[in-house]
Amino acid sequence: MAYLDNIAVFVRVVELGNLSAAGRDMRISPAVASNRIKELEKHLGVRLFNRTTRQLMPTEHGNVFYAGAKQVLDSITEAEAAVSALSGQPRGTIRVTAPLGLGRRLVASGIPEFHDRYPDIEVRLRLSDHNVDILKEGIDVAFRLGLIEDSSLRMRGIMECERVLVAAPKYLERRGEPQSPNELLGRKHDCLMLRYPGNREHFWTLETSKGPTKFEVHGPFDSDDGDVLTEWALAGRGIINKPRFEVEPFIRDNRLKVILPATPPIPVQFAAVYPHKKLQDPKVRLLLDFMADRCQRLINDILAGK
């Protein structure tokens with residue numbers, strides 16, 4: 001088991017790029033993670049990493065060993081899943097990721113209840129508005145809002161979410177309320193955008209009489225945190241494009257106003273994506289079923305004002 005533990009640490013270090021991240025993920029200290037890598041290198045008689053001040057990069061030997069080690073761990077995971085399916089007692093760890101706002105409001109709040117139902121399943125949740133490479137980082141399930149383009153992943157649609165353009169009344173009093181999408185162009189309005197490395201949506205797509213149309217809008221500042229955009233909009237600093245359920249409470253209490261309702265943004269897909277093989281794992285299926293039902297119910301309750 002010690003050798004398998006060393007292999008598991010090595011694989012997570014390769015996937016996450018450094019000892020600290022791998023240690024946090026596996027709930028061990030960086031010192032313990034480092035010692036396990038050293039033990040593995042001593043056992044194999046080769047150096048597995050080139051060490052820099054910020055990152056560990058696999059050597060040629062490390063890359064070769066990673067490919068085989070990953071297959072070994074995947075085979076063990078699949079064997080454990082098969083045993084769980086037969087025994088009817090799913091157990092183990094699920095690594096989950098979700099966007100910050102959606103993750104806080106819908107996913108994170110359900111993790112304790114899920115664990116109460118299935119106490120032998122541990123859930124490790126990572127919240128980020130960045131695109132997480134779930135294959136590279138060993139994520140089991142990713143909840144996402146937006147286009148799902150990676151054909152190497154499977155997708156379970158949860159629901160289609162209406163989006164709206166909203167701004168604070170004090171912003172509209174100061175800058176005027178746009179009467180057509182074209183008024184958003186040419187820096188006439190401050191459109192606050194979600195931007196981060198790898199994000200492809202640097203425009204807003206609105207439903208017009210000509211069908212979905214892209215508008216290259218502009219704003220004086222942007223953020224990689226969707227909740228920050230909402231805070232800026234509430235402070236009267238610009239217009240945001242958001243799933244309605246995220247801003248419905250602020251619309252209801254008149255802190256935000258829907259603009260251009262006749263030409264709304266196209267809806268966004270709320271879905272769970274996961275590697276193909278993960279559907280065979282009973283604990284992953286349980287989490288997908290639980291979260292899909294719960295998130296649908298919560299979103300509908302928010303929209304209904306409950």
Side-chain angles (χ1 to χ4, degrees), residues 97-106 127-133 143-150 160-271 299 302-303:
T97 185
L100 286 167
L102 178 146
R104 291 190 189 106
R105 281 182 281 274
L106 303 180
L127 300 182
S128 174
D129 277 334
H130 292 220
N131 276 331
V132 177
D133 187 332
F143 294 95
R144 290 182 177 172
L145 277 170
L147 298 174
I148 313 298
E149 299 178 346
D150 192 337
E160 188 174 76
C161 298
E162 174 190 3
R163 284 199 285 193
V164 289
L165 300 181
V166 293
K170 58 185 175 183
Y171 171 86
L172 299 174
E173 290 170 5
R174 186 175 74 250
R175 300 290 293 272
E177 183 172 343
Q179 301 302 307
S180 74
N182 288 329
E183 292 185 33
L184 299 175
L185 304 176
R187 301 174 188 264
K188 295 178 182 178
H189 281 278
D190 296 336
C191 299
L192 308 179
M193 305 285 287
L194 183 70
R195 295 186 189 273
Y196 51 82
N199 180 23
R200 300 180 181 180
E201 193 170 328
H202 300 302
F203 49 81
W204 286 348
T205 304
L206 307 183
E207 294 281 5
T208 71
S209 58
K210 298 179 182 178
T213 304
K214 293 181 180 179
F215 290 85
E216 301 283 347
V217 297
H218 179 269
F221 34 80
D222 52 55
S223 176
D224 63 354
D225 184 332
D227 281 352
V228 169
L229 301 183
T230 302
E231 291 170 8
W232 286 341
L234 288 166
R237 304 311 297 264
I239 301 168
I240 55 173
N241 177 350
K242 280 282 189 171
R244 183 161 192 132
F245 74 86
E246 289 194 11
V247 293
E248 181 63 26
F250 306 121
I251 296 171
R252 190 172 291 114
D253 67 11
N254 298 316
R255 296 178 63 191
L256 292 174
K257 180 181 179 182
V258 176
I259 64 172
L260 299 174
T263 54
I266 60 172
V268 64
Q269 175 78 351
F270 176 27
I299 290 173
I302 292 170
L303 295 175

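Worth knowing before you read on, the calculation uses all heavy atoms, side chains too, and leaves out hydrogens, waters and symmetry mates.
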To the closest 0.5 Å, what do you measure between CG (Leu234) and CZ (Arg255)? 4.5 Å
What I'd like to find out is whether the side chain of Leu184 reaches to under 4.5 Å of the side chain of Leu206, using heavy atoms alone. yes
In sequence, state the C-alpha distance, the side-chain angles, and the governing distance for Ile251 and Lys257, and then conclude on side chain to side chain contact (heavy atoms under 4.5 Å, CB included). CA-CA 6 Å; Ile251 296 171; Lys257 180 181 179 182; over 6 Å; no
Heavy-atom side-chain contact between Leu127 and Pro99 under 4.5 Å: no
Looking only at the side chains, is there a donor atom on one of Thr263 and Thr208 sitting less than 3.5 Å from an acceptor on the other? no
For Ala167 versus Gly238, what's the shortest heavy-atom pair and its separation? CB-O, 3.8 Å
Is there side-chain contact between Trp204 and Pro265, with heavy atoms separated by less than 4.5 Å? no
Below 30° counts as parallel, above 60° as perpendicular, anything between as tilted: where do the rings of Trp232 and Phe221 land? perpendicular
Can you confirm whether Thr213 sits close enough to Pro181 that some side-chain heavy atom of one is under 4.5 Å from a side-chain heavy atom of the other? no
Spacing of Leu165 atom CG and Lys242 atom NZ [to the nearest 0.5 Å]: 12.5 Å
If you compare all heavy atoms of Ala168 against all heavy atoms of Leu256, which two are closest, and at what distance to 0.1 Å? N-CD2, 3.7 Å
Can you name the closest pair of heavy atoms from Leu192 and Ala233 and give their distance? CD1-N, 4.1 Å
His218 side, atom NE2; Glu216 side, atom CD - distance, nearest 0.5 Å: 11.5 Å
Do Pro178 and Ile259 come within less than 4.5 Å of each other through their side chains, counting heavy atoms only? yes
Kindly indicate, with the supporting measurements, whether the criterion side chain to side chain contact (heavy atoms under 4.5 Å, CB included) is fulfilled by Phe143 and Leu106. CA-CA 10 Å; Phe143 294 95; Leu106 303 180; over 6 Å; no
Using every non-hydrogen atom in the two residues, find where Arg163 and Pro264 come nearest and quote the distance to one decimal. O-CB, 4.1 Å
Charged N to carboxylate O under 4.0 angstrom, Lys188 versus Glu183? no
Rounded distance (nearest 0.5 Å) linking atom CZ of Arg195 with atom CG of Asp224: 12.0 Å
Which atom pair, heavy atoms only, marks the closest approach of Ile240 to Leu229? CG2-O, 3.6 Å
Can you measure from CZ (Arg244) to CD1 (Ile299) and round to the nearest 0.5 angstrom? 13.5 Å
Pairing of Arg105 and Asp227 as salt bridge, 4.0 angstrom limit: yes
Backbone N or O of Pro169 within a donor-acceptor pair of the Arg174 side chain at under 3.5 Å? no
Check Ile239 against Tyr171 and note the closest heavy-atom contact, atom names and distance. CG1-CE2, 3.7 Å
Does the pair Glu231/Arg237 count as a salt bridge with the N-to-O cut at 4.0 Å? no
Got Phe203 and Phe215 here, is their nearest side-chain heavy-atom distance under 4.5 Å? no
Counting heavy atoms not belonging to Arg187, are there more than 12 under 6.0 Å from its CZ? no
From CD1 (Ile266) to CD (Glu162), nearest 0.5 Å: 13.0 Å
